[in-house]
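Every chain is numbered from 1, with letters handed out A, B, ... down the list of sequences. All values derive from a computational prediction rather than experimental measurement.
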There are 2 protein chains.
Amino acid sequence: MMQDITIGQLARETGCKIPTIRYYEQIGLLPQPRRTAGNTRRYEANHVARLGFIQHCRELGFAQNAIRELLALTDQPDEPCEAVTKIAETRLADVKRRLARLEALKSELERMIGTCAGGRVKQCRIIEALAH
Amino acid sequence: MMQDITIGQLARETGCKIPTIRYYEQIGLLPQPRRTAGNTRRYEANHVARLGFIQHCRELGFAQNAIRELLALTDQPDEPCEAVTKIAETRLADVKRRLARLEALKSELERMIGTCAGGRVKQCRIIEALAH
DNA sequence: CCTTGCATCTCTAGTCACTATAGATGCTAC
DNA sequence: GTAGCATCTATAGTGACTAGAGATGCAAGG
């Protein structure tokens, strides 16, 4: 397959380090790619998307278990609707909580930047914005 | 000070484990509290808010360095406006990126839950929603 | 007072998710 | 075919906790 790429190309395309890619394969987040006769990994297009997804999830602070659940939604599209919906709803609730907190933080950062005209910041309520 | 609380009470109020609280103190995220004559820690109200803030930041996947920057905005309210604004703007850009990704994920989860009426999920585009 | 017992203390070691290094082998281009 | 960078496996190290061991603190009952 000519369009298959090496682990180095995959790393460059996604910004993910090579050992991390192998680590994700080891713990089962990335499926094992095919190998050449000389035992080097060859990745296909779907690996690029999947790795990008995993990276964004990690950046957003999702637990490994949550990432597995989300990937399971892709891996088992023939699962009964109920099961998939239940997982999706749990994840959605989590996503909504995160959105609310980020919005609060965003508002406070914007307020700080906006009211900074005088020369000194009067007060910072970042902690209060996120402490609940 | 009667309103001071022990590390155990702080742990219960914030849901943070006791060794983690001591760890945050060790790495300088939480200020050292005063001690009793017998050397046990006594926390004040501001510690509760600050620890809650740190926890939410960790859950949202902020790097330790980012958390330090955000806390610095609180710790140095007398800093010149420019410096504070610069930090706040950097953090704000980061927060906005996260918000955009979470919104994309939210939309896709909602679409999946919504179109699931038939009995099987037709297709899952979660990966595409977050792969970019 | 003094004990009983749970809470804290410090210190060391273990876990999880990477990340870096070492030494061997693969692959492409002269 | 060989120079040289890429990839391979395997092991060790880092950052951020997390769990234990053994010693001391401290409120409550006798």
Using the rule given for side chain to side chain contact (heavy atoms under 4.5 Å, CB included), can you reason through A:Val48 versus A:Ile5, listing the C-alpha separation, both sets of side-chain angles and the distance that settles it, and then say yes or no?
CA-CA 10 Å; A:Val48 180; A:Ile5 60 173; 4.0 Å; yes
Can you check side-chain hydrogen bond (donor to acceptor under 3.5 Å, both in side chains) on A:Gln26 and A:Arg22, steps first, answer last?
CA-CA 6 Å; A:Gln26 197 192 320; A:Arg22 289 196 277 248; over 6 Å; no
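Atom CD1 of B:Ile27 is separated from atom P of D:dT14 by 17 Å (rounded to the nearest Å). D:dA16 atom P lies 13 Å from atom CD1 of B:Ile54, rounded to whole Å. The distance from atom CD of B:Gln26 to atom C1' of C:dT12 is 12 Å, rounded to the nearest whole Å. Distance B:Leu10 CG to C:dC9 P: 11 Å, rounded to the nearest Å. B:Leu29 has its CG atom 10 Å from the C1' atom of D:dA16, to the nearest Å. Nucleotide C:dA17 holds its P atom 9 Å from the CD1 atom of A:Ile67, rounded to whole Å. A straight line from CG of A:Leu51 to C1' of C:dC18 spans 14 Å, rounded to a whole angstrom. Summarising the geometry, the separation between CD on A:Glu59 and P on C:dA17 is reported as 17 Å, rounded to the nearest angstrom.
Within the 4.5 Å cutoff, the side chain of B:Glu44 has no heavy atoms near those of the B:Pro33 side chain.
The nearest heavy atom of DNA chain C to A:Thr20 and to A:Ala37 marks one nucleotide each, and the one closer to the 5' end goes with A:Thr20.
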I'd like a list of close polar pairs between nucleotides 8-13 of chain D and the protein, N/O only, cut-off under 3.5 Å.
| from | atom 1 | to | atom 2 | distance (Å) |
| --- | --- | --- | --- | --- |
| D:dC8 | OP1 | A:Arg41 | N | 2.7 |
| D:dC8 | OP1 | A:Arg41 | NH1 | 3.0 |
| D:dC8 | OP2 | A:Arg22 | NH1 | 2.5 |
| D:dC8 | OP2 | A:Arg41 | NH1 | 3.3 |
| D:dC8 | O5' | A:Arg41 | NH1 | 3.4 |
| D:dT9 | OP1 | A:Arg35 | NH1 | 3.3 |
| D:dT9 | OP1 | A:Arg35 | NH2 | 3.3 |
| D:dT9 | OP2 | A:Arg41 | NH1 | 3.1 |
| D:dT9 | OP2 | A:Arg41 | NH2 | 3.0 |

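Within the structure, a side-chain polar atom (N or O) of B:Thr36 is placed less than 4.0 Å from OP1 or OP2 of D:dC26. Contact annotation: B:Gln64 side-chain N/O to D:dA16 OP1/OP2 distance is under 4.0 Å. Taking side-chain N and O atoms only, A:Tyr24 has no distance below 4.0 Å to OP1 or OP2 of C:dA17.
Closest contact between the side chain of B:Tyr23 and the listed nucleotides D:dC26, D:dA16, C:dC27 involves D:dA16.
Closest heavy-atom contact between B:Ile113 and A:Ala88: CG1-CB, 3.7 Å.
B:Thr40 and B:Arg42 are linked by a side-chain donor-acceptor pair at a separation below 3.5 angstrom, with hydrogens and angles left out of the test.
The OH atom of B:Tyr24 sits 7.0 Å away from the CG atom of B:Leu29 when rounded to the nearest 0.5 Å.
The cationic group of A:Arg91 does not satisfy the cation-pi geometry with A:Phe62, failing either the under 6.0 Å distance to the six-membered ring centre or the 45° limit from the ring axis.
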